[in-house]
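The structure appears below as structure tokens.
All residue numbers in this chain count up from 1 along the given sequence.
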Amino acid sequence: CPTGALLERVPGDKPGPFELNFVDSTCTECGMGCAVTLGSVGQYLMKVQARGKCEGTNAGVLCQTGRFDRVFDEADKIRVTKPMVRKNDKLVEVTWDEAIEKAASLLAGDKTGVFVSPTVTNEVAYQASELARKVIGTNHVGSIERPCEKCFNAQAVDALEPTNYLAIKEADLVVFVDTKSLDLNKVVGNHVVAAVNNGASLVVLGEGETKLDFYAGVKVDCKSEEIGAALRGLKDLAADGSGDIPGLIADEKAILGELIKSAKRPVLVANVDIRPEGDLEALGAFKGALNGANVVALRTLANTEGTMRMGIDPIYAAGMNKAATAGEYPGKLLAEGKLEAAVVIGEDPLGKEGLAKPLVDGFDKVEKLVVMDSHLSKTAEKAEVLLPTPGCHEMNGTIVNSERRLQRVRPIADPPAGMCHHGIFATLADKLGKKEALGESTYPKDIFGKLVDLVPNWKGTKFDELN
């Protein structure tokens, strides 16, 4: 508002004006990897804005989630600034030494499940995987945020040979798979609309109305569980003109057939985190039947792509190398009551809407729960030990977005609790007598130096030069 009558809500008693310090970073709300600038006053995040019009995958555009949610989180949620241990059925503040000692006593080796959020940095994910395998002694590593028991789908996605967002704007036909993808990755809609404005045709698959329907030449109104069948029908339509496509009438099928037949630069856009592996195979088959098609594989959360490749998986360790001993998906073991202890890093399973009842019951039953989080989440409220970590705007490191772009996240300030994830991991390892297991340095730059050797296409990348 040019007159200042309308102001953004900020985490403070007064709306300002404030003299802000600005830091360039990357949005961690979803897998798009939008370039942002964070405005802060001291420890407080006051403003999130898109960088210049020509910068980043979002080209100067930011959705309301990316712009406001982190600021609102700071205003509405209870920040944890000191370690806490449960005493007399209440979480009370204690020293770091007491909290670490208590946490170490709760870990149960191979009977421990380690849950790591796909929003943490690559450096945190790598060390969390090493902590689980080399310090705690468990390969049961994963994430509640991945909806399938077989949580590692990097190989299935690799088979699609996904490309970057630029392919959308250059396409002459865009097939948008599952309307739920638009809710999870909002900014991708801008790329699709830009393609339509450049003359591309648009086909939308999924149920319910979306903002893309206005631009669509054909809308295949099918339920989420019918997406796989629709993709297989589209493959047959592209191959030989046949194919049964749920939610499509005969006249629209003829139009769709012409669009597919005439396309020279078709692009398929799909959120691969919400589709089962069978649907990914159907997507690959449809791609194979199209002339020179590309796939843009979207991820729901900021660093799903990176955390999987850093070893947040029961079968694959860092660098997508198979672990010496395979574990099991920790959510499965939790639901079956086979875990004695759980370590939850950056996730809030009990605050997740629609979490399966066996998982809810599993967290209620597990007696040894260690939570590492920046805020007092519903899961943190159940913890025996709560170790405060940096918030998303206080993390320093790298993430990998949906198009596999390696990006920097930069902090606005040091965490108020005085210790980052790496320091917590190192102190815990030292308490368990395995200090050397995680290496000497707790600096993200030094840890990234190890990752460059693990991921072939990161060779030669320098931490300080990433944007």
Side-chain angles (χ1 to χ4, degrees), residues 43 77-109 111-117 119-121 123-125 127-138 141 330 339-351 363-364 366-392 394-396 411 413-444 447:
Q43 195 74 37
K77 293 182 179 180
I78 300 173
R79 188 67 195 264
V80 183
T81 59
K82 292 184 179 180
M84 305 179 83
V85 168
R86 187 168 299 279
K87 296 181 179 181
N88 298 322
D89 205 32
K90 288 184 179 180
L91 283 172
V92 297
E93 293 181 353
V94 297
T95 64
W96 273 107
D97 286 343
E98 182 178 346
I100 292 292
E101 185 171 350
K102 178 65 174 178
S105 71
L106 295 177
L107 303 178
K111 295 292 185 180
T112 305
V114 179
F115 300 86
V116 183
S117 170
T119 63
V120 301
T121 64
E123 294 75 19
V124 170
Q127 282 212 311
S129 173
E130 296 289 278
L131 178 76
R133 292 180 161 93
K134 296 181 179 180
V135 177
I136 300 174
T138 180
V141 186
L339 293 181
E340 292 180 8
V343 178
V344 181
I345 303 172
E347 292 197 295
D348 182 21
L350 295 178
F363 276 108
D364 283 338
V366 72
E367 295 181 358
K368 301 175 180 179
L369 177 60
V370 177
V371 175
M372 303 182 195
D373 209 339
S374 57
H375 293 81
L376 190 62
S377 65
K378 290 193 177 295
T379 307
E381 290 174 354
K382 294 274 188 180
E384 287 298 308
V385 178
L386 174 55
L387 303 175
T389 59
C392 56
E394 294 158 351
M395 288 194 292
N396 185 18
D414 293 330
M419 197 179 294
C420 65
H421 291 89
H422 311 295
I424 295 172
F425 296 160
T427 308
L428 196 54
D430 189 24
K431 182 62 68 174
L432 292 167
K434 298 182 180 180
K435 183 178 180 179
E436 298 79 13
L438 300 183
E440 295 182 0
S441 179
T442 59
Y443 290 102
I447 298 166

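Residues that satisfy the ring-ring contact (aromatic ring centres under 6.0 Å, His included) test with Phe425, not counting sequence neighbours, are absent from this structure. Residues meeting the salt bridge (charged side-chain N to carboxylate O under 4.0 Å, His left out) test with Lys382, sequence neighbours left out: Asp364. Listed by chain and residue number, nothing satisfies the side-chain hydrogen bond (donor to acceptor under 3.5 Å, both in side chains) test with Thr112 (two or more places apart in sequence, or in another chain).
Pairs of residues two or more places apart, or lying in two chains, that qualify as side-chain hydrogen bond (donor to acceptor under 3.5 Å, both in side chains) and include a residue from residues 91-107 are Lys87-Glu98. Judged as a side-chain hydrogen bond (donor to acceptor under 3.5 Å, both in side chains), the pairs with a partner in residues 127-136 (not counting sequence neighbours) are, in order, Gln127-His422, Ser129-Arg133, Glu130-Lys134, Arg133-Asn139. Here salt bridge (Lys or Arg N to Asp or Glu O under 4.0 Å) pairs that include residues 417-435, with residues two or more places apart or in two chains, number zero.
Side-chain contact between Ser374 and Pro388 is absent, with no heavy atoms from C-beta onward closer than 4.5 Å. Side-chain atoms of Ile100 and Leu387, non-hydrogen and from C-beta on, do get closer than 4.5 Å to each other. Counting heavy atoms from C-beta outward, Met419 and Thr427 have side chains that approach closer than 4.5 Å. Considering only heavy atoms from C-beta on, Val344 stays 4.5 Å or farther from Asp373 through its side chain. Val135 has its side chain out of reach of Leu428: every pair of non-hydrogen atoms, C-beta onward, lies at least 4.5 Å apart.
Side-chain atoms of Thr379 and Ser377 include no donor-acceptor pair closer than 3.5 Å.
Heavy atoms only, all atoms of each residue included: Met395 and Pro390 are closest at CG-CB, 4.2 Å.
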